[in-house]
Number of protein chains: 2
Amino acid sequence: MKSDLRKEMMTIREMCDAFEVTPRTLRFYEAKELLSPERVGTKRLYSKTDRARLALILRGKRFGFRLEDIRQTLDLYDRDDGNSAQRKRACELGVQRLAEMEAQRANLDLAIAELKAELTDAEAKGLVPRRAA
Amino acid sequence: MKSDLRKEMMTIREMCDAFEVTPRTLRFYEAKELLSPERVGTKRLYSKTDRARLALILRGKRFGFRLEDIRQTLDLYDRDDGNSAQRKRACELGVQRLAEMEAQRANLDLAIAELKAELTDAEAKGLVPRRAA
DNA sequence: AGAGCAGTTGACGTTAACGTCACTGTGACG
DNA sequence: CGTCACAGTGACGTTAACGTCAACTGCTCT
């Protein structure tokens, strides 16, 4: 069974390859207390749980969360011993973030429209070659 | 007519109030060669042209351009002596930026959808109070 | 002349998320 | 036994767009 346990653990390099991050990033996340891999001697070994956490971290980043927010949310999950107050908090953060993202999208749409108009205008004045449609 | 000329010029404070920026910002833009107000003694005086430039700068920022890009575009406008190669370049930048913005929007939409799904899921599992619809 | 305020310059601080070095340690291999 | 590659630990660098602060200068009011 020892080989099984070994298979569960990954070195920093394996993690980097699996998740497409750099060693620096993993160590950075550790310094920020987002990860806490086991130490065998001086080296790090990442468990399945660590991998799950990292996956959550990266997904959080795709959502535009800051690492600090992600850390808090992750900590809540950890301390979630049946009591759902923690999950509630996590969801609140999510709802908040969702609102921010939708606001951001609205602004982006505005800017896109404005810029498009600008370009169309320049074309109309013949100041510039027409775009591809 | 002197009063007219004076009316055309604005102090740094007036500029700040008019455009809702700080003095630091204006001096910063100047250091970055985005603006070049007149100097009367040691003080800065901003002309109508300066105001137009600042307006363009701020609009550029709303579009998500970096100051350096804005500077280049502005410089192109300035040196635009009939030859439209410059304008063309400016428009190319605009088209490029437009593409970036639309890509960004697509990503944002994805993230929003994912996050929404996540939240809906949590609700369905009764892990958390339902949202307002 | 003294007070006070606007304006100026220059230098350093800030935030986020790492990158880049330099140096040390360690296990494996030939 | 040498050395090679990979790990690990600081510490400092990077980018953008300013904020903050200190120390002046200069003008105006009284």
Side-chain angles (χ1 to χ4, degrees), chain A residues 6 9-47 50 53-74 93 97 100-101 104 107 111, chain B residues 6 9-47 50 53-74 93 97 100-101 104 107 111:
Chain A
R6 277 211 183 114
M9 307 305 273
M10 287 174 63
T11 72
I12 200 172
R13 189 98 295 283
E14 289 165 344
M15 287 291 279
C16 290
D17 294 346
F19 291 92
E20 306 204 287
V21 295
T22 69
R24 180 68 180 94
T25 299
L26 292 181
R27 288 192 277 262
F28 180 74
Y29 288 172
E30 190 176 340
K32 292 280 173 178
E33 304 192 288
L34 284 153
L35 290 176
S36 44
E38 236 178 83
R39 286 304 184 95
V40 171
T42 159
K43 314 215 166 159
R44 292 162 171 84
L45 279 187
Y46 297 84
S47 70
D50 291 322
R53 282 180 74 96
L54 180 54
L56 285 175
I57 293 168
L58 296 179
R59 202 181 49 164
K61 286 203 54 178
R62 286 205 310 281
F63 290 164
F65 287 99
R66 287 167 315 168
L67 290 183
E68 174 54 23
D69 292 347
I70 295 175
R71 190 187 59 73
Q72 285 178 32
T73 307
L74 249 42
L93 274 183
R97 183 69 196 132
E100 282 170 29
M101 286 169 70
Q104 192 183 337
N107 282 326
Chain B
R6 278 214 181 111
M9 306 305 274
M10 287 174 61
T11 73
I12 200 172
R13 190 98 294 283
E14 288 165 344
M15 289 290 281
C16 291
D17 293 347
F19 291 92
E20 305 204 288
V21 295
T22 69
R24 180 69 181 94
T25 299
L26 293 182
R27 289 192 277 263
F28 180 74
Y29 288 171
E30 190 176 340
K32 292 279 173 179
E33 302 192 291
L34 285 152
L35 291 176
S36 44
E38 236 178 84
R39 286 305 183 96
V40 172
T42 159
K43 315 216 165 159
R44 292 162 171 85
L45 278 188
Y46 297 85
S47 71
D50 292 321
R53 282 180 75 97
L54 181 53
L56 284 174
I57 294 169
L58 296 178
R59 203 182 47 165
K61 287 203 52 179
R62 286 205 311 279
F63 289 163
F65 287 99
R66 286 165 315 165
L67 289 184
E68 175 55 22
D69 292 346
I70 295 175
R71 190 186 60 73
Q72 284 178 32
T73 307
L74 249 42
L93 274 182
R97 182 67 196 132
E100 283 171 27
M101 286 169 69
Q104 192 184 336
N107 282 326

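When reading the values below, keep in mind they use all heavy atoms of this one structure, side chains included, and skip hydrogens, waters and symmetry mates. Model, not experiment: these values are computed from the prediction. A, B, ... follow the sequence lines: proteins, then strands. Residue 1 opens every chain.
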### Task
Tell me, please, which residues at least two apart from B:Asp69 pass side chain to side chain contact (heavy atoms under 4.5 Å, CB included).
B:Phe65, B:Arg66
### Message
For B:Leu56, give me all partners under side chain to side chain contact (heavy atoms under 4.5 Å, CB included), at least two apart in sequence or on another chain.
### Response
B:Arg59, B:Leu74
### Message
Going by the rule side-chain hydrogen bond (donor to acceptor under 3.5 Å, both in side chains), which residues pair with B:Asn107 if we only count those two or more places apart in sequence or in a different chain?
### Response
none
Donor-acceptor contacts under 3.5 Å from residues 36-45 of chain A side chains, at least two apart:
| from | atom 1 | to | atom 2 | distance (Å) |
| --- | --- | --- | --- | --- |
| A:Arg39 | NH1 | A:Thr42 | O | 3.1 |
| A:Arg39 | NH2 | A:Glu30 | OE2 | 3.4 |
| A:Arg44 | NE | A:Glu30 | OE1 | 2.5 |

### Message
Are the side chains of A:Leu67 and A:Phe28 in contact, using a 4.5 Å heavy-atom criterion?
### Response
yes
### Heavy-atom side-chain proximity of B:Ile12 to B:Arg27 below 4.5 angstrom
yes
### Task
Tell me whether the OP1 or OP2 atom of D:dA7 has a side-chain N or O from A:Arg13 closer than 4.0 Å.
yes
### Task
To the nearest 10°, let me know how far the axis at one end of the helix from C:dA1-D:dT30 to C:dG30-D:dC1 is tilted from the axis at the other, five pairs an end.
30°
### Query
Would you find a donor on one side and an acceptor on the other, under 3.5 Å apart, between the side chain of B:Arg53 and the backbone of B:Leu34?
yes
### Task
Would you give a per-nucleotide map of nucleotides 8-21 of chain C, 5' to 3', where B means the base has a protein non-hydrogen atom under 4.0 Å away, S means only the sugar-phosphate does, and - means neither?
BB-B----SBBBB-
### Task
Determine whether the side chains of A:Gln72 and A:Glu68 contain a donor N or O and an acceptor N or O closer than 3.5 Å.
yes
